[in-house]
*Asks:* 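Dropping a structure here in structure tokens format, bear with me for questions.
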Amino acid sequence: RPRVLSGIQPTSDSFHLGNFLGALAQWVPAQDENDAFYFIPDLHAITVPHEPKLLRKRVLVSAAQLLAIGIDPEKSVLFVQSQVPEHAELAWVLSCITGFGEASRMTQFKDKAAKQGTDHAGVGLFTYPILMAADILLYRASHVPVGEDQRQHLELTRDLAQRFNSRFGKTFVVPEPMIVKETAKIYDLQDPTAKMSKSAATDAGLINLLDDPKVSAKKIRSAVTDNEREIRFDRETKPGVSNLLTIQSALSGRSIDDLVAGYEGKGYGDLKADTAEVLTEFVTPIRARVDEYLSDEAELLRILEHGADRAREVASRTLAQVYDRVGFLPRK
Ligand code: AQP
């Protein structure tokens, strides 16, 4: 079976709609037809300043959310990155075949470093994409479901896999990104030309899955649209309306054409009210399931330990082969 792998950072108290529609929505169906590895990259989460207690809590909340949206820990290998030490070990080897200039061209690094002030940004932020390459290559994943913002990192992963294979012999599978065109980029409700992101200047345009749906409905009602009245899909001239249509379509399973046809003669207020309603229906059961999972922390930890054991079986075999290929002595 093809193998898919993806991760989501435990860097906030809730996943947002961009994370969900861009990436997570693909994870659930993919676990039926593939060998699926899904993980919580806590090593990546410390590439920006963080609070240890909060990180621990957010790893658990992330795991609970993944289970709540339908990741089945029997079908998929669900684990936490730091519990599989091979990730950091392979990242070191890959960093030694990555060019400094090549790593310097990563736009996510440039954006995030600029936000922190380049002198303050950690080296971990710089090597972030190399660790991500290690995450993927360790499992020889052929497909990686992600949002558009990860395309450049995937390209680097492919380059590193090919480079290693040609220098040391075929070891890695060269992975393909799995990016769903329609939902590859969900936009901020207040600034519908910018990606919805937890690190935006304000959270007025951010929809968190675990927020009270009343709060999210209010944000949707205040979403920026345009001065026309007509509801149609056009990202260039009507980014706000197009974003709401994308969100409603993805959550309801109805096509955008179908939605647009239904709005003939109606106004933006109707579009917003319906989008808010669909969102409320979607998040309400997820919120309840998250609470349930969080009420039994021991069980959650057990699920993650089981996942880490299964992940290590695969990861340790790949790393042993890599170490052998680069000329390290065998280890116990
Ligand atoms: N707005 C988005 N639209 C579509 N996909 C998105 N993703 C993130 N934002 C959008 C996808 O979510 C997955 C998990 O990403 P992550 O763990 O890297 O989360 P993140 O990048 O920390 O989320 P943010 O909000 O984008 O954080 P900042 O602003 O700090 O970088 C990935 O597959 C990503 O593509």
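Remember, it's 1-based here, ligands and their atoms both numbered in the order they're listed.
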*Asks:* Look up atom CZ in R221 and atom CG in L189, then write down how far apart they are to the nearest 0.5 Å.
*Replies:*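 With rounding to 0.5 Å, CZ (R221) is 12.5 Å from CG (L189).
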*Asks:* Considering all heavy atoms of both residues, which atom of Q26 and which atom of G22 are nearest to each other, and what is their separation?
*Replies:*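 Looks like NE2-O, 3.4 Å.
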*Asks:* Looking at E292, is its backbone amide N or carbonyl O close enough to the side chain of S295 to form a donor-acceptor pair, meaning the two atoms are under 3.5 Å apart?
*Replies:* yes
*Asks:* Quick one: which ligand 1 atoms are inside 4.0 Å of a heavy atom on S199?
*Replies:* 28 (P), 29 (O), 30 (O)
*Asks:* Relative to the heavy atoms of G22, which atoms of ligand 1 are at a distance of less than 4.0 Å?
*Replies:*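 Numbered from 1, ligand 1 contributes 4 (C), 5 (N).
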*Asks:* Check whether the side chains of T107 and Q152 place a donor and an acceptor atom closer than 3.5 Å, and report yes or no.
*Replies:*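 Judged by distance alone, the side chains do pair up.
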*Asks:* Should you measure from each heavy atom of G147, which atoms of ligand 1 turn up under 4.0 Å away?
*Replies:*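 Result: 5 (N), 33 (O), 34 (C), 35 (O).
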*Asks:* Out of curiosity, R232 CZ to D257 CG, how far, rounded to the nearest 0.5 Å?
*Replies:* 13.5 Å
*Asks:* Could you list which atoms of ligand 1 come closer than 4.0 Å to a heavy atom of A23?
*Replies:* 13 (C), 33 (O)
*Asks:* Below the 3.5 angstrom mark, is there an N/O of K185, backbone or side chain, next to an N/O of ligand 1?
*Replies:* no
*Asks:* Could you check atom 26 (O) of ligand 1 against the protein and tell me its nearest heavy-atom contact, residue, atom and distance included?
*Replies:*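 For atom 26 (O) of ligand 1, the nearest protein heavy atom comes out as K195 NZ, 2.6 Å.
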*Asks:* Of all the non-hydrogen atoms in the protein, which one sits nearest to atom 31 (O) of ligand 1, and at what distance?
*Replies:*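 It is K112 NZ, 3.0 Å.
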*Asks:* Can you tell me the protein heavy atom closest to atom 18 (O) of ligand 1 and the distance?
*Replies:* Q9 NE2, 3.5 Å
*Asks:* Test ring pair (Phe, Tyr, Trp, His ring centres under 6.0 Å) on H153 and F109 and set out the steps.
*Replies:* CA-CA 10 Å; H153 289 165; F109 168 72; over 10 Å; no
*Asks:* So F39 and V84, do their side chains get closer than 4.5 Å, heavy atoms only?
*Replies:*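 A side-chain contact is absent here, since even the closest heavy-atom pair is not under 4.5 Å.
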*Asks:* Which ligand 1 atoms, with their elements, are less than 4.0 angstrom from a heavy-atom of V146?
*Replies:*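 Going through ligand 1 atom by atom, the ones under 4.0 Å from V146 are 33 (O).
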*Asks:* Could you identify the single nearest non-hydrogen protein atom to atom 25 (O) of ligand 1 and state the distance to 0.1 Å?
*Replies:*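 The protein heavy atom lying closest is H16 NE2, 2.6 Å.
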*Asks:* Give the atoms of ligand 1, by number and element, whose distance to some non-hydrogen atom of I8 is under 4.0 Å.
*Replies:* 14 (C), 17 (O)
*Asks:* Between N165 and T171, is there a donor-acceptor pair closer than 3.5 Å when you use the side chain of the first and the backbone of the second?
*Replies:*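 Between the backbone of T171 and the side chain of N165 there is a qualifying donor-acceptor contact (under 3.5 Å).
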*Asks:* Check ligand 1 against S197 and write out every atom of the ligand that is under 4.0 Å from a heavy-atom position of the residue.
*Replies:*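 Selected atoms, number and element: 25 (O), 28 (P), 29 (O).
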*Asks:* Do you see a donor-acceptor pair shorter than 3.5 Å between the side chains of D159 and T157?
*Replies:*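 Judged by distance alone, the side chains do not pair up.
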*Asks:* For H44 and ligand 1, answer yes if some heavy atom of the residue is under 4.0 Å from a ligand atom, otherwise no.
*Replies:* no
*Asks:* To the nearest 0.1 Å, how far is atom 20 (P) of ligand 1 from its closest protein heavy atom, and which atom is that?
*Replies:* K198 NZ, 3.4 Å
*Asks:* Identify, for atom 15 (O) of ligand 1, the protein heavy atom at the shortest distance, and state residue, atom and that distance.
*Replies:* N19 ND2, 3.8 Å
*Asks:* Classify the side-chain pair S216/D211 by whether it contains a donor and acceptor separated by less than 3.5 Å.
*Replies:* no
*Asks:* What protein heavy atom sits nearest atom 6 (C) of ligand 1, and how far away is it?
*Replies:*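 The closest one turns out to be G18 O, 3.3 Å.
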*Asks:* Would you mind checking which non-hydrogen protein atom is closest to atom 35 (O) of ligand 1, with the distance to 0.1 Å?
*Replies:* D149 OD1, 2.3 Å
*Asks:* Are any of the N/O atoms in I186 less than 3.5 Å from those in ligand 1?
*Replies:*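 Yes - when backbone and side-chain N and O of I186 are compared with those of ligand 1, one distance drops under 3.5 Å.
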*Asks:* Does ligand 1 have an atom under 4.0 Å from some heavy atom of A184?
*Replies:*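 Contact present.
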*Asks:* Does only the side chain of Q108 get under 4.0 Å from ligand 1, or the backbone, or both, or neither? Count heavy atoms.
*Replies:* neither
*Asks:* Do L206 and D188 touch side chain to side chain, with heavy atoms closer than 4.5 Å?
*Replies:* no
*Asks:* From Y293 OH over to E299 CD, what is the distance, rounded to the nearest 0.5 angstrom?
*Replies:*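 If we round to the nearest 0.5 Å, Y293:OH and E299:CD are 9.0 Å apart.
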*Asks:* Taking atom types as modelled, is there a side-chain donor on Q81 or D135 under 3.5 Å from an acceptor on the other?
*Replies:* yes
*Asks:* Of the listed options (M178, Q150, E148, M196), which comes nearest to atom 32 (C) of ligand 1 when hydrogens are ignored and any heavy atom counts?
*Replies:* Q150
